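Lettering follows sequence order; numbering is per chain, from 1. Every value quoted in this text rests on a predicted model; they were computed, and no experiment measured them.
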Protein chains: 2
Amino acid sequence: MPQFLAEPIARLIDEFGKLPGIGPKTAQRLTFFLLRQPAGEALALADAIAEVKEKIIFCGRCFNLSATDPCHICASESRDRTRLCVVEEPLDILVLEKTGIYKGLYHVLHGSFSPMEGILEDDLKIAELVERVKQGGVDEVIVATNATVEGEATANLVRVRLRPFGIRITRLAQGLPIGSDLEYADDYTLSRALEGRREY
Amino acid sequence: MPQFLAEPIARLIDEFGKLPGIGPKTAQRLTFFLLRQPAGEALALADAIAEVKEKIIFCGRCFNLSATDPCHICASESRDRTRLCVVEEPLDILVLEKTGIYKGLYHVLHGSFSPMEGILEDDLKIAELVERVKQGGVDEVIVATNATVEGEATANLVRVRLRPFGIRITRLAQGLPIGSDLEYADDYTLSRALEGRREY
């Protein structure tokens with residue numbers, strides 16, 4: 001950071017710049033925005049950051065981020081305990097919950113199988129998933145990893161590990177996103193949409 | 001925020017969402033990014049926010065944000081004290097300093113004249129600017145307010161207020177930005193570029 005900035009300002013720009021998708025210009029803009037705000041409002045952000053790091057833990061069952069263990073989803077009486085939805089990251093649970101359709105439990109792998117980047121099976125919560133299934137009561141595991149190369153590899157790995165238990169293993173449908181033009185779909189998406197076509 | 005999120009997480013998403021240009025999706029992404037980070041790195045951001053609010057004050061001369069009063073620019077022996085560059089916001093000083101061309105002092109108005117939004121002359125540091133000029137020693141005031149309607153109105157107001165002192169008052173040139181195609185220039189910019197044409 002340039003020397004003509006007061007050190008605390010340069011430091012905050014630097015810290016904002018470490019966030020994903022925040023470039024140097026945006027980091028500057030956010031910093032000067034907070035400088036213009038009343039102290040209370042800026043400190044509310046600082047406090048909120050400190051609070052999540054202090055209070056948020058992993059659920060010991062599904063490995064979701066939570067203020068309680070087990071998390072409120074695992075603890076809920078109203079969830080369908082025969083289904084497990086396997087996701088890569090805690091944020092994926094938020095996205096799925098917002099649809100309001102899924103009523104089962106979750107299992108967060110905390111990453112995707114990616115040997116090229118040094119992320120191997122043991123780095124993911126796969127053994128823990130196998131253990132949950134082994135304990136019984138699960139009829140279906142819905143693999144909701146990303147529709148990427150790593151997500152596919154992870155889904156395959158999960159399927160291989162769970163195959164011995166004879167339960168239903170499903171994967172989220174892949175195809176055209178709603179509202180999209182066929183014209184702009186890429187080849188891979190179109191191929192998947194064709195392969196996965198349904199009677200109508 | 002949805003009830004299925006732990007309260008500290010929902011709160012941090014909410015706080016991030018109050019920042020300019022940060023929508024709900026980005027706020028989620030930033031929150032879950034910080035949750036994945038080691039506590040030290042996330043808390044460094046919280047600390048940096050607290051530190052700027054604690055240590056940064058306004059320079060009593062130019063109203064720049066600074067850790068010292070007067071700020072390091074006003075206090076510097078090497079700056080040209082006969083020139084004042086008038087800007088709307090402290091961030092504008094950073095942008096101008098990065099060019100490395102300007103060696104004079106600054107004056108931050110902290111806003112632009114905008115009666116429609118209830119920002120009147122008394123809300124800006126215009127009286128303080130007049131007072132600085134009145135004290136003598138200033139030969140030129142460069143008005144570097146934004147090239148917007150409000151910026152123009154502010155520049156006019158500054159010019160009217162400083163006219164009695166008989167000093168040189170200049171305004172940043174307006175015209176085609178470097179690297180731009182004539183083809184994509186808007187009418188107003190082209191008009192200004194034509195009006196401001198120079199011998200070549």
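Tracing side-chain contacts under 4.5 Å through hydrophobic residues (I, L, V, M, F, W, Y), one never reaches A/I93 starting from B/L30; they form parts of separate clusters. By the rule that hydrophobic residues join a cluster once side-chain heavy atoms approach within less than 4.5 Å of another member, A/L84 and A/V95 end up as members of separate clusters. Both B/L162 and B/F63 belong to a common hydrophobic cluster when Ile, Leu, Val, Met, Phe, Trp and Tyr are linked at side-chain heavy-atom distances under 4.5 angstrom. The same ILVMFWY cluster, assembled from side-chain heavy atoms under 4.5 Å apart, contains both B/L157 and B/L172. By the criterion of side-chain heavy atoms lying less than 4.5 angstrom apart, applied directly or through intervening Ile, Leu, Val, Met, Phe, Trp or Tyr residues, A/V160 is not grouped with A/I169; the two fall into different hydrophobic clusters.
For residues 173-187 of chain B, a heavy-atom distance under 4.5 Å to chain A picks out no residue at all. Residues of residues 41-62 of chain B that come closer than 4.5 Å to chain A, counting heavy atoms only, are B/E41, B/A42, B/L43, B/A44, B/L45, B/A46, B/D47, B/A48, B/I49, B/A50, B/E51, B/V52, B/K53, B/K55, B/I56, ordered by residue number. Inspection of non-hydrogen atoms places no residue of residues 100-111 of chain B under 4.5 Å from chain A. Residues of residues 118-143 of chain A placed with any heavy atom under 4.5 Å of a heavy atom in chain B are absent; none qualify.
If you take CD1 on B/I9 and CG on A/N64, they are separated by 7.0 Å, rounding to the nearest 0.5 Å. Considering CG of B/L94 and CD1 of A/I13, their distance stands at 6.0 Å, rounded to 0.5 Å. Here B/R36 contributes atom CZ and A/L65 contributes atom CG; the two are 9.5 Å apart, rounded to the nearest 0.5 Å.
Closest approach of B/L91 and A/Q28 over heavy atoms only: CD1-OE1, 3.4 Å.
In this structure, the portions of B/L34 lying under 4.5 Å from any heavy atom of chain A include both its backbone and its side chain. For A/L19, the parts lying near chain B are the backbone and the side chain together; criterion is any non-hydrogen pair under 4.5 Å.
The greatest number of non-hydrogen atom pairs below 4.5 Å with chain A, out of B/S76, B/A67, B/P20, B/S66, is found for B/P20.
Atom CZ of B/R168 is surrounded by 12 or fewer heavy atoms from other residues, nucleotides or ligands within 6.0 Å.
With contacts defined as side-chain heavy-atom distances shorter than 4.5 Å, the pair B/Q37/A/K18 does not qualify. Within the 4.5 Å cutoff, the side chain of B/I22 has heavy atoms near those of the A/I22 side chain.
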